[in-house]
There are 2 protein chains.
Amino acid sequence: MSANKKGGEWMELDDRKLKILQAIIKTYLDTGEPVGSRTISKYTDLNLSSATIRNEMSDLEEMGYIIQPHTSAGRIPSDKGYRLYVDTLMESKEQEVTDMRNDLIEKADRLENLLQQVAKLLAMNTNYTSMVTKPRYNSYVVKFLQLSEIEQDKLLLVIVLNDNVVKNRIINCDISMDNEVVLKLNIVLNTFLQGLGIEAINIGLIQQLKDQVGEYSDIVSTILDEIARAIKEEGEPEIYTSGATNILKYPELSDKEKASELLYTFEEKKLLKELITDKFSDEENRGIQVYIGNETPIESMKDCSLVTATYELKEGVYGKVGIIGPKRMDYEKVVKTLQNLMTQLDDIFKNKEE
Amino acid sequence: MSANKKGGEWMELDDRKLKILQAIIKTYLDTGEPVGSRTISKYTDLNLSSATIRNEMSDLEEMGYIIQPHTSAGRIPSDKGYRLYVDTLMESKEQEVTDMRNDLIEKADRLENLLQQVAKLLAMNTNYTSMVTKPRYNSYVVKFLQLSEIEQDKLLLVIVLNDNVVKNRIINCDISMDNEVVLKLNIVLNTFLQGLGIEAINIGLIQQLKDQVGEYSDIVSTILDEIARAIKEEGEPEIYTSGATNILKYPELSDKEKASELLYTFEEKKLLKELITDKFSDEENRGIQVYIGNETPIESMKDCSLVTATYELKEGVYGKVGIIGPKRMDYEKVVKTLQNLMTQLDDIFKNKEE
DNA sequence: TGTTAGCACTCATTTTGGAAGAGTGCTAAT
DNA sequence: ATTAGCACTCTTCCAAAATGAGTGCTAACA
């Protein structure tokens with residue numbers, strides 16, 4: 001028994017076992033079929049007979065790194081096996097990395113488009129499913145408000161939140177207002193509300209504000225409502241996905257039952273949003289994370305793996321991107337692609353700043 | 001041979017044949033399995049032996065209304081058969097119609113949300129896939145522009161198009177501008193551009209405008225660009241879909257090949273957009289339309305039917321909704337649901353107007 | 001003591017050959 | 001014109017047999 005609990009359990013494995021395990025997983029990632037002792041005996045550089053391999057495999061199975069789907073089938077990696085592989089065995093093979101920057105900058109002028117593009121590129125590059133979250137602050141704050149009359153009894157309310165998030169609302173009002181009133185309202189609203197977040201807009205403040213505007217308190221009421229709603233709306237998580245149909249390419253996921261559940265998860269997005277808000281909001285999970293099988297908290301993904309990364313839009317504003325594929329996904333490639341994407345996104349966002 | 005070419009070809013069918021065909025299609029809609037002569041002989045009120053039915057079926061097949069998947073299987077309707085059924089044989093059975101209004105009004109405050117909701121409700125109610133297009137004018141026109149300084153060298157440009165479509169752009173400018181300049185720019189922009197569409201913003205006008213603003217012509221240039229882009233963007237078709245995974249519920253569509261293609265079509269949406277802009281933009285197709293099998297111009301939908309309807313957002317602004325399902329979809333229900341939805345949407349939009 | 005060849009055994013998959021069943025087309029009788 | 005009857009054609013279902021991949025174990029070997 002090894003002495004260390006965390007990060008070193010695999011000390012129980014000698015070098016040869018590690019190599020064999022690695023060979024098994026690699027082969028399985030390729031083929032998706034249970035791999036037998038004979039295959040490995042030919043595959044590896046350590047010249048061993050299939051019989052020896054069998055013995056080792058038997059051990060590895062006992063230790064929980066591989067699984068036999070049924071007697072007299074080859075072995076497939078268990079979640080524990082994958083975990084070990086991802087943590088220590090994976091060797092970054094060099095591979096050309098697609099430069100996505102050009103594709104990206106060109107098409108997208110708005111953040112939403114950009115993120116959707118990112119998702120699409122990821123899906124196309126990896127042949128898995130991708131998801132990208134829209135970054136959001138923990139708390140939004142009113143930066144600037146502007147009211148303008150655009151029709152007889154219709155006001156346009158422009159709400160600018162921090163980070164220059166802009167929201168528009170059309171407000172119907174019964175009383176017609178002349179220019180002066182609108183001007184006054186603008187001043188009052190801005191002096192009262194600038195810099196405030198949703199929690200600061202409370203009854204006391206509302207009353208104060210209403211006192212200032214006299215007969216227009218109804219409209220102010222509506223406006224405040226809309227502001228609150230806009231802030232709340234912007235605080236909602238938003239997710240873009242792409243390549244959902246890619247999962248149909250992997251036989252182990254594409255039987256009706258599983259595929260249906262998975263596709264529904266991607267279409268509905270509700271679960272994905274929960275996933276984001278729950279588990280992945282921890283400040284710690286910054287780098288690239290791999291969740292294997294049941295490590296993902298979504299039931300329908302129990303046969304999938306999820307690789308996530310965090311990008312930084314600006315100082316303190318983070319979003320996530322994720323790749324979902326079969327457990328036997330090409331972890332190397334996915335991790336590489338994500339790393340690559342992160343630096344490219346950094347570039348883009350930095351440049352936009354200027 | 002019948003004398004009339006269009007809409008009356010089925011005159012070649014006598015009453016009994018019609019009844020039999022109707023019975024075949026109805027049964028097939030129910031079961032999804034080829035239907036045999038014996039079934040019909042029991043099913044119909046016209047007491048005929050299976051042998052007689054067989055003869056009639058043989059005729060119907062020769063005429064192209066039904067198909068035999070293989071010798072000694074029952075018959076299934078051909079596209080031509082479905083067409084006849086939808087055009088003339090379908091009898092509107094009474095059924096409770098869900099009142100979707102409440103669900104709708106409650107949740108949606110913005111048009112996009114509303115349309116997405118509509119799509120979702122349709123999909124849930126019918127168990128098929130639904131799509132809803134965002135309505136759009138043929139040509140947008142600038143109604144109102146507003147520039148405000150929200151940061152040292154960042155301007156917020158609010159663009160209001162007709163029908164109160166609002167767009168925002170953030171514009172970076174090198175020169176810092178005082179309040180007065182912004183005010184002046186606002187006036188100039190509005191006087192020059194109000195009421196103009198994209199085609200009216202030509203070189204001549206641009207030059208005129210630039211002359212007015214002197215040193216700020218660079219910024220004006222950017223602004224005009226952004227306006228043009230905004231108008232163009234708003235003119236792009238937009239489609240919301242829901243219930244794509246529903247197609248997996250129908251065995252005849254859910255084999256990997258077909259399902260994959262279909263789901264991709266729904267995810268990608270590009271083809272759907274083309275479909276909308278091409279075929280369905282004709283002013284004629286106002287009412288409820290049914291496209292069967294190859295009548296839909298999308299290859300992947302050749303085993304599907306598509307039922308579309310047009311809703312009116314306001315005078316002259318139309319959008320489409322569509323239901324996509326297997327050819328043996330429950331046409332009655334779908335048509336009823338759509339009719340119902342149309343009136344409910346009318347209600348909602350009328351009320352919003354006030 | 002670790003490695004290997006050999007062999008019996010297991011179990012999933014594929015193949016095969018009916019047998020059953022559904023449905024037709026045709027013919028002859030009504 | 002309708003129908004009963006029958007031979008015929010297919011698909012589908014099922015079970016038995018063949019195949020084959022892969023294992024575990026044992027005995028021999030270095």
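Chain letters run A, B, ... following the sequence lines, proteins first and then strands; every chain starts at 1. Since the model is a prediction, treat every value here as computed from it, not as a measurement.
Toward the 5' end of DNA chain C, the nearer of the two residues A:T71 and B:R54, judged by each one's closest nucleotide, is A:T71. Residue whose closest nucleotide on DNA chain D sits further toward the 5' end, between B:S50 and B:H70: B:S50.
The separation between A:N55 atom CG and D:dG24 atom C1' is 9 Å, rounded to whole Å. Look at NZ on B:K17: it is 11 Å from P on D:dA1, rounded to the nearest Å. Going from atom CD1 of A:I76 over to atom C1' of C:dA12 covers 15 Å, rounded to whole Å. If you measure from atom CD1 of A:I53 to atom P of D:dG24, you get 13 Å, rounded to the nearest angstrom. In this structure, the CD atom of A:E56 is 14 Å from the C1' atom of C:dT1, given to the nearest Å. Atom pair B:I67:CD1 and C:dG23:P shows a separation of 18 Å (rounding to whole Å applied). For the pair B:D59 CG and D:dA1 C1', the computed distance is 13 Å after rounding to whole Å. Atom CE of B:M57 is separated from atom P of C:dG25 by 9 Å (rounded to the nearest Å).
Residues B:K17 and B:D14 are in side-chain contact: their nearest non-hydrogen atoms beyond the backbone lie under 4.5 Å apart. At a threshold of 4.5 Å between non-hydrogen side-chain atoms, the residues A:L48 and A:R16 count as touching. Here the side chains of B:L122 and B:L338 are in contact, with some heavy-atom distance below 4.5 Å.
At a cut-off of 3.5 angstrom, counting only N and O atoms as typed in the model, there is no donor on one side facing an acceptor on the other between the side-chain of B:S49 and the base of D:dT3.
The CD1 atom of A:I53 sits 5.0 Å away from atom OG1 of A:T44, with the distance rounded to the nearest 0.5 Å. Distance check: B:S254 OG to B:L262 CG gives 10.5 Å after rounding to the nearest 0.5 Å.
The side chain of B:R75 contributes no N or O atom lying less than 4.0 Å from OP1 or OP2 of C:dG23. For the pair B:T52 and D:dT3, the criterion of a side-chain N or O lying under 4.0 Å from OP1 or OP2 is met.
The pair B:E33-B:R328 fails the salt-bridge criterion, with no side-chain N (NZ, NE, NH1 or NH2) lying under 4.0 Å from an Asp/Glu carboxylate O.
Within residues 23-38 of chain A, no residue has any heavy atom under 4.0 Å from DNA chain C.
Using a 4.0 Å heavy-atom cutoff across all strands shown, A:A51 reaches at least one base atom of the nucleic acid.
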Starting from the C-alpha separation in whole Å, work towards a yes-or-no answer on salt bridge (charged side-chain N to carboxylate O under 4.0 Å, His left out) for B:K120 and A:E268. CA-CA 10 Å; B:K120 195 165 177 184; A:E268 186 54 30; 3.2 Å; yes
